[in-house]
Chemist: 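After the structure tokens below, expect a handful of questions from me.
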Amino acid sequence: MEKEFTTTSPDETIARGKEFVASLEAGEVVCLQGDLGAGKTHFVKGMAEGLGIESDDVSSPTFTLINEYDGDKLLYHFDCYRMESPREALEIGAEEYFYGDGVTVIEWPERIEPLIPPEAIWISIEAPDKNTRKFVIRKREP
Ligand code: ADP
Ligand code: MG
């Protein structure tokens with residue numbers, strides 16, 4: 001499965017995140033790939049809104065490594081930017097989150113790639129110009 005779309009404002013990215021989360025089941029893992037400022041956290045804000053979580057509460061857990069939000073489903077938000085190795089993620093119990101019942105979303109998943117469940121959904125975000133963001137969503141076929 002592969003799906004592509006483009007957004008032209010932060011609000012549109014939030015709206016897409018909200019729409020996207022409605023398609024997820026409990027326990028899914030979503031990887032968000034893109035440079036700093038690509039819009040990963042805005043997309044997570046939308047996912048949070050879709051689960052009934054106040055999106056103002058959502059920011060990159062760059063220092064805390066993980067934020068947990070309680071909505072219609074639990075939302076686990078990882079930011080692995082500062083992780084030096086997958087071991088650090090293991091130490092904070094990443095696998096319990098990834099294989100738990102909540103929805104997990106991960107910024108900078110490439111830092112901990114060996115730990116990512118094979119059935120995860122990968123979303124890459126590119127920024128061709130200041131306000132445009134191109135999203136490609138891939139889910140490996142079972
Ligand atoms: P990341 O988490 O990938 O570092 P953020 O979501 O924190 O990115 O920030 C994205 C930045 O890009 C914000 O400053 C936002 O205002 C800006 N931006 C401009 N256009 C868009 C868009 N179409 N979608 C998302 N963010 C956008
Ligand atoms: Mg971010």
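Nothing here was measured: the structure is a model prediction, and the numbers come from that model. Order of appearance sets the numbers: ligands from 1, and atoms from 1 within every ligand. Side chains are part of it too, since the values below use all heavy atoms of this structure and drop only hydrogens, waters and symmetry mates. Start at 1 with the first residue, then count along the sequence.
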Chemist: Would you mind checking which non-hydrogen protein atom is closest to atom 6 (O) of ligand 1, with the distance to 0.1 Å?
Modeler: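 Protein heavy atom at minimum distance: H42 ND1, 2.6 Å.
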Chemist: Taking everything shown except E25 itself, do over 12 heavy atoms lie less than 6.0 Å from its CD?
Modeler: no
Chemist: Would you say the side-chain atoms of K73 pair up with the backbone N or O of V103, donor to acceptor, closer than 3.5 Å?
Modeler: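 Looks like no, no N/O pair under 3.5 Å.
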Chemist: Between T8 and ligand 1, which part of the residue brings a heavy atom under 4.0 Å of the ligand: side chain, backbone, both or neither?
Modeler: backbone
Chemist: Starting from atom 16 (O) of ligand 1, find the nearest protein heavy-atom neighbour and note its residue, name and distance.
Modeler: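 The closest heavy atom on the protein side is P10 CG, 3.5 Å.
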Chemist: Heavy-atom contacts with K130 under 4.0 Å: which atoms of ligand 1 show up? List them by number with element.
Modeler: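 The list of qualifying atoms is 19 (C), 20 (N).
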Chemist: Distance to 0.1 Å, residue and atom name: give those for the protein heavy atom nearest to atom 11 (C) of ligand 1.
Modeler: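 Protein heavy atom with the smallest distance to atom 11 (C) of ligand 1: G37 O, 3.6 Å.
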Chemist: Of the non-hydrogen atoms in I92 and Y97, which two are nearest, and what is the gap between them?
Modeler: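 Residues I92 and Y97, closest heavy atoms: O-CE1, 3.5 Å.
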Chemist: For atom 7 (O) of ligand 1, what's the nearest protein heavy atom and its distance?
Modeler: T41 CB, 3.7 Å
Chemist: Is there a path of hydrophobic side-chain contacts, each under 4.5 Å between heavy atoms, that joins F135 and I121?
Modeler: yes
Chemist: Determine whether the aromatic ring centres of F20 and F5 lie less than 6.0 Å apart.
Modeler: no
Chemist: What residue and atom, counting heavy atoms only, is the protein's closest point to atom 25 (C) of ligand 1, and at what distance?
Modeler: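 Of every protein heavy atom, T13 OG1, 3.4 Å lies nearest to atom 25 (C) of ligand 1.
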Chemist: Heavy atoms, side chains only, cut-off 4.5 Å: are W122 and I137 in contact?
Modeler: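 No, their side chains stay 4.5 Å or more apart.
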Chemist: If you count the non-hydrogen atoms of other residues, nucleotides and ligands that lie under 6.0 Å from CG in D35, is the total more than 12?
Modeler: no
Chemist: Counting both backbone and side chain atoms, is some N or O of N131 under 3.5 Å from an N or O of ligand 1?
Modeler: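 It does: an N or O of N131 is found under 3.5 Å from an N or O of ligand 1.
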Chemist: Tell me, which protein residue and heavy-atom name are nearest atom 8 (O) of ligand 1, and how many Å apart are they?
Modeler: G39 N, 3.1 Å
Chemist: So does D101 have more than 12 non-hydrogen atoms from other groups sitting under 6.0 Å from CG?
Modeler: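 Check fails, neighbour count at 12 or below.
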Chemist: Counting non-hydrogen protein atoms only, what is the nearest one to atom 12 (O) of ligand 1? Give residue, atom name and distance.
Modeler: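 Ranked first by proximity to atom 12 (O) of ligand 1 is R133 NH2, 3.0 Å.
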Chemist: How about F43 and I14: do any of their side-chain heavy atoms sit closer than 4.5 Å?
Modeler: no
Chemist: Are R133 and E126 within salt-bridge range, i.e. N to O under 4.0 Å?
Modeler: no
Chemist: Can you find an N or O of L36 that's nearer than 3.5 Å to an N or O of ligand 1?
Modeler: no
Chemist: Using side chain to side chain contact (heavy atoms under 4.5 Å, CB included), reason through E4 and K134 one step at a time and then give a plain yes or no.
Modeler: CA-CA 7 Å; E4 290 186 20; K134 188 184 166 215; 3.4 Å; yes
Chemist: Which atom names give the shortest non-hydrogen contact between H77 and S59, and what distance separates them?
Modeler: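 That closest heavy-atom pairing would be CE1-O, 3.5 Å.
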Chemist: How does S9 reach ligand 1, if at all, at less than 4.0 Å between non-hydrogen atoms: by side chain, backbone, both, or neither?
Modeler: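 It is the backbone that gets close, since no side chain atom is under 4.0 Å.
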Chemist: Could you pull out the closest heavy-atom pair between T13 and G39, with the gap in Å?
Modeler: CG2-O, 3.9 Å
Chemist: Closer than 4.0 Å to some heavy atom of D35 - which atoms of ligand 1 meet that?
Modeler: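 That gives atoms 3 (O) of ligand 1.
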Chemist: Between Y76 and F98, is the ring centroid distance below 6.0 Å?
Modeler: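 For Y76 and F98, the ring centres are not under 6.0 Å apart.
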Chemist: Give the residue, atom name and distance (to 0.1 Å) of the protein heavy atom nearest atom 3 (O) of ligand 1.
Modeler: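 Checking every protein heavy atom, the shortest distance to atom 3 (O) of ligand 1 gives K40 NZ, 2.7 Å.
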Chemist: Taking atom CZ of R82 and atom OG of S60, what is their separation to the nearest 0.5 Å?
Modeler: 11.0 Å
Chemist: Could you please tell me which protein N, O or S atoms lie under 2.8 Å from the Mg ion (ligand 2)?
Modeler: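 Per the 2.8 Å query on the Mg ion (ligand 2), atoms found are T41 OG1, S60 OG, E107 OE1.
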Chemist: What atoms in ligand 1 come closer than 4.0 Å to a heavy atom of T7?
Modeler: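 Reading through ligand 1 atom by atom, the close ones are 22 (C), 23 (N), 24 (N).
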Chemist: Classify the contact between I125 and ligand 1 as side chain, backbone, both or neither, using a heavy-atom distance cut-off of under 4.0 Å.
Modeler: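 Answer for I125: neither.
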Chemist: Is atom 14 (O) of ligand 1 close to the protein, meaning a heavy atom under 4.0 Å from it?
Modeler: no
Chemist: Need the ligand 1 atom indices (1-based, order shown) with element for anything under 4.0 Å from a heavy-atom of E107.
Modeler: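 Contacts of ligand 1 toward E107, numbered from 1: 2 (O).
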